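Basis for what follows: all heavy atoms, side chains included, without hydrogens, waters or symmetry-related copies. A, B, ... follow the sequence lines: proteins, then strands. Residue 1 opens every chain. The structure displayed is predicted, hence computed values, not measured ones.
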Protein chains: 2
Amino acid sequence: MTVAEDELTLVFSALADPTRRAILERLALGEATVNQLAEPFAMTQQAISKHLKVLERARLISRTRTAQSRPCVLDAERLDAVAGWIERHRRIWADRHDRLGQHLAALGATRHDDEGEVAP
Amino acid sequence: MTVAEDELTLVFSALADPTRRAILERLALGEATVNQLAEPFAMTQQAISKHLKVLERARLISRTRTAQSRPCVLDAERLDAVAGWIERHRRIWADRHDRLGQHLAALGATRHDDEGEVAP
DNA sequence: GGGTTGTGCAACCAATGGGTTGTGATTCCC
DNA sequence: GGGAATCACAACCCATTGGTTGCACAACCC
């Protein structure tokens, strides 16, 4: 289910770059070769190659060897994993937020000791 | 709605570190001071301070000045923004995947030219 | 006022990241 | 076989990051 810690790190840092996100957006339209991907960017093909290697290592894309070109395709499941993490924490935080709201409401109502805050 | 490009970069790179994710998990239990946050980690308080500054810059947490301590609290909306991005792309990719599936099915059925792939 | 506590700032350092150029390996085209 | 195209690898550069130590500052305790 939920990805391992270091995989999360891989995916998040892969997503933490505008160029790589743009590449992913581009790949959402369909598979593409390295040169096709490099074309819209003001940088060398080698730089794009590096970015692709990062995305591949995060398993956000996979590549098939077709003759002399190596088209890239998205690996959607990977994004699911991250979405899982996000969603989990979103819920936790939301709950926390609700509890805080209730807490504040309770405060406004009557007593106000027994915070029940952190306590590690 | 959807966050700006560079904000995405900020949030994703903030999340791309196990220590910072652990801090967030810890904060999901309730607000905490810098020293409380630093305690479970094998690093100095200053290092944690730096991590907090990164999280704050990504607006994943916010800090209130209470006397001499500066407790940290989560900022849930931020995670919503990222969740939005992820979810958007998850859908796009899923669609893409379906179309590919249909495509392959169609291939198995009858003809098989007219790929309708990329075309930039 | 003086010591302790909680925190931030600055300087430094090693490692990583994002980019470049240069080059080499395949595969296609003729 | 020879040239052009597609791509990856290696070496390098510079800026950023993640960590350290050392200090300064502000607020509490006495």
Selected nucleotide, minimal atom distance to [X] side chain, candidates [options]:
{"X": "Thr44(B)", "options": "dC9(C), dT20(D), dA8(D)", "answer": "dT20(D)"}
{"X": "His51(B)", "options": "dG18(D), dC7(D), dA11(D)", "answer": "dG18(D)"}
{"X": "Lys53(B)", "options": "dC9(D), dC9(C), dT20(D)", "answer": "dC9(C)"}
{"X": "Gln45(A)", "options": "dA8(D), dG8(C), dG18(D)", "answer": "dA8(D)"}

Below 4.0 Å: OP1/OP2 of dG8(C) and any side-chain N or O of Arg63(B): yes
Under 4.0 angstrom between Ser49(B) side-chain N/O and dT7(C) OP1 or OP2: no
Shared hydrophobic cluster, Ile61(B) / Ile48(B) (ILVMFWY, side-chain heavy atoms < 4.5 Å): yes
Between [N] ([atom2]) and [X] ([atom1]): distance, integer Å:
{"X": "Ile48(A)", "N": "dG19(C)", "atom1": "CD1", "atom2": "P", "value": "8 Å"}
{"X": "Asn35(B)", "N": "dA27(D)", "atom1": "CG", "atom2": "C1'", "value": "14 Å"}
{"X": "Met43(A)", "N": "dT21(C)", "atom1": "CE", "atom2": "P", "value": "13 Å"}

Pairing partner (Watson-Crick or G-U wobble, both distances under 3.5 angstrom) of dA10(C): dT21(D)
dG2(C) - base-pair partner by Watson-Crick or wobble geometry, distances under 3.5 Å: dC29(D)
Comparing Gln46(B) and Val54(B) on DNA chain D - which has the more 5′ nearest nucleotide: Val54(B)
Touch class at under 4.0 angstrom, heavy-atom based, for Ser13(A) against every strand present: nothing
Side chain Arg20(B), main chain Leu15(B), donor-acceptor under 3.5 Å: no
N-O pairing of Lys53(A) and Glu56(A) below 4.0 Å: no
